[in-house]
Enquirer: 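First, the structure itself, so that you have it in front of you.
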Amino acid sequence: MFKTLAIIGLSLSSVALSNAAHADWQLVNDKSQLSFVSIKKDSIAEAHHFTNLEGTLSDSGAFSVNIDLTSAETLIPIRNERLTQFVFEAAKFPHAVLTADIKKQLSNIKKPGQHVLKEVDAQLDFHGNKKPLKINVLVSSAENGDLSVSSFTPVIVNSQDFGVTEGVKKLQQLAGLPAVATAVPVTFALTLKKQ
C-alpha cells in the first residue's frame with residue numbers, strides 16, 4: 001500500500017528556502033500538487049499526494065521545491081503514519097528537495113500565454129541521498145507574470161536509489177501484502193506567483 005515509497009522521489013532540502021526572500025517567484029501551495037502512484041499486489045494502483053510544498057524560482061532560473069514528507073496523504077491515516085515512519089523516516093529526514101536550472105525555459109518565454117517544453121537536468125535530495133534526474137517540464141506564463149511548471153511525463157523514483165527499499169518491505173509486511181512496487185511514478189503541477 002505504501003509502495004508510495006516512490007513518492008520520495010521528490011525529496012528536497014531546506015537550503016533552497018534560505019533564498020526565498022530573494023526569489024522572483026514563490027510556489028503557491030494551495031494551487032500546486034505533487035503526486036505519486038503506488039502499486040500493490042502487482043495490479044492495484046493508488047494515487048497519493050503531499051499537502052505541504054514550498055518552492056522558489058529566481059529570475060536566473062534556479063528552481064527548488066521543498067517537500068514536507070510528513071504531509072503525505074494516502075487517504076488512510078495509518079498508512080500515512082507508516083509511510084512517514086518506515087519509508088521516509090521523516091523524524092530523521094523531514095524533507096525532500098528537488099532542484100533544477102530552468103534558465104533556458106524562462107528565456108524562451110517572451111510574452112504572457114507562451115509555454116515551452118524542455119528536458120531539464122534536476123537533482124532529487126531524498127532520505128540523505130542525492131540523485132541526478134532528467135525531467136521533461138512544461139513551463140507556461142500567465143498575464144499577471146505568474147508561472148506554472150509541470151511534469152510533462154512522470155518521473156520514476158526507485159527506492160533503492162534513495163535507500164528506502166527496506167522501509168517499503170516493512171510496509172509490505174505490516175499490510176500483509178504479497179507485493180509492493182519499489183519504483184514509483186511521480187508527477188507535479190506547480191503554480192509560482194511573481195513577487
Side-chain angles (χ1 to χ4, degrees), residues 1-13 16 27-55 63-90 92-100 119-120 122-138 148-172 174-175 177 179-191:
M1 56 169 51
F2 313 88
K3 33 318 174 200
T4 145
L5 159 203
I7 174 174
I8 187 97
L10 303 42
S11 127
L12 300 77
S13 106
L27 185 147
V28 181
N29 186 66
D30 62 358
K31 293 183 179 178
S32 301
Q33 183 151 311
L34 189 151
S35 303
F36 60 98
V37 175
S38 63
I39 301 172
K40 61 186 179 184
K41 298 182 180 178
D42 296 325
S43 62
I44 300 174
E46 297 175 294
H48 316 293
H49 67 279
F50 292 97
T51 61
N52 190 13
L53 307 173
E54 295 181 5
F63 179 58
S64 177
V65 178
N66 185 304
I67 302 164
D68 177 359
L69 297 177
T70 66
S71 73
E73 181 55 75
T74 69
L75 303 181
I76 298 177
I78 188 63
R79 183 165 61 185
N80 294 347
E81 293 174 18
R82 290 173 174 174
L83 179 64
T84 299
Q85 179 180 356
F86 299 114
V87 178
F88 300 149
E89 295 186 283
K92 187 175 181 181
F93 306 103
H95 299 96
V97 178
L98 180 70
T99 54
E119 180 180 76
V120 300
Q123 177 178 266
L124 178 60
D125 181 345
F126 170 70
H127 201 257
N129 295 282
K130 297 179 181 180
K131 180 175 175 57
L133 300 171
K134 295 281 189 182
I135 301 177
N136 289 311
V137 298
L138 181 66
S148 64
V149 179
S150 58
S151 52
F152 195 72
T153 56
V155 178
I156 305 301
V157 177
N158 290 289
S159 64
Q160 64 184 90
D161 290 338
F162 298 96
V164 295
T165 302
E166 288 305 312
V168 173
K169 289 179 179 178
K170 178 68 173 178
L171 291 183
Q172 178 181 339
L174 290 171
L177 296 170
V180 171
T182 56
V184 180
V186 177
T187 59
F188 56 88
L190 312 173
T191 297

Enquirer: Compare every heavy atom of N80 with every heavy atom of L75, then report the nearest pair and how far apart it is.
Expert: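 L75 and N80 have their closest heavy atoms at N-OD1, 4.0 Å.
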Enquirer: Below 4.0 angstrom, N of the basic side chain to O of the carboxylate: do R79 and E73 qualify?
Expert: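 No salt bridge links R79 with E73.
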Enquirer: For the side chain of T187 and the backbone of P154, is there at least one donor-acceptor N/O pair under 3.5 Å apart?
Expert: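 Looks like no, no N/O pair under 3.5 Å.
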Enquirer: Are side-chain N/O atoms of S38 and H48 paired as donor and acceptor at under 3.5 Å?
Expert: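 Yes - a donor-acceptor pair under 3.5 Å links their side chains.
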Enquirer: Can you check whether T153's main-chain N or O pairs, donor with acceptor, with N136's side chain at less than 3.5 Å?
Expert: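 It does not hold such a pair.
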Enquirer: Any chance you could measure Q123, atom CD, to S64, atom OG, to the nearest 0.5 Å?
Expert: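 Atom-to-atom, Q123:CD and S64:OG are 10.5 Å apart.
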Enquirer: If you take all heavy atoms of S35 and H49, which pair is closest and at what distance?
Expert: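 Heavy atoms of S35 and H49 come nearest at OG-CB, 3.9 Å.
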Enquirer: Can E89 and K92 be counted as an ion pair, charged N to O under 4.0 angstrom?
Expert: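 A salt bridge is absent here (no side-chain N lies under 4.0 Å from a carboxylate O).
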Enquirer: Return the set of residues passing side chain to side chain donor-acceptor pair (under 3.5 Å) with N29 (not counting sequence neighbours), or none when no residue passes.
Expert: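 By the side chain to side chain donor-acceptor pair (under 3.5 Å) rule, N29 matches no residue at all.
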Enquirer: Decide yes or no for I39 and I44: does some side-chain heavy atom of the first lie under 4.5 Å from some side-chain heavy atom of the second?
Expert: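 The answer is no, as the side chains (C-beta and beyond) never meet within the 4.5 Å cut-off.
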Enquirer: Return yes if some donor-acceptor pair links the side-chain N/O of D68 with the main-chain N/O of T70 below 3.5 Å, else return no.
Expert: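 Here the side-chain-to-backbone pair exists.
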Enquirer: Below 4.5 Å, heavy atoms only, C-beta onward: do E81 and T84 meet side chain to side chain?
Expert: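 SC-SC contact between E81 and T84 ruled out.
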Enquirer: Return yes if some donor-acceptor pair links the side-chain N/O of S71 with the main-chain N/O of N52 below 3.5 Å, else return no.
Expert: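 Confirmed, S71 side chain pairs with N52 backbone.
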Enquirer: Between F93 and L69, what is the shortest heavy-atom contact and its length?
Expert: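 Reported closest heavy-atom pair: O-CD1, 3.4 Å.
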Enquirer: Is a donor on one side and an acceptor on the other found under 3.5 Å between the side chain of T191 and the backbone of K31?
Expert: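 Present.
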Enquirer: Just checking F162 against H127, ring centres under 6.0 Å apart?
Expert: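 Aromatic pair excluded; centres sit 6.0 Å or further apart.
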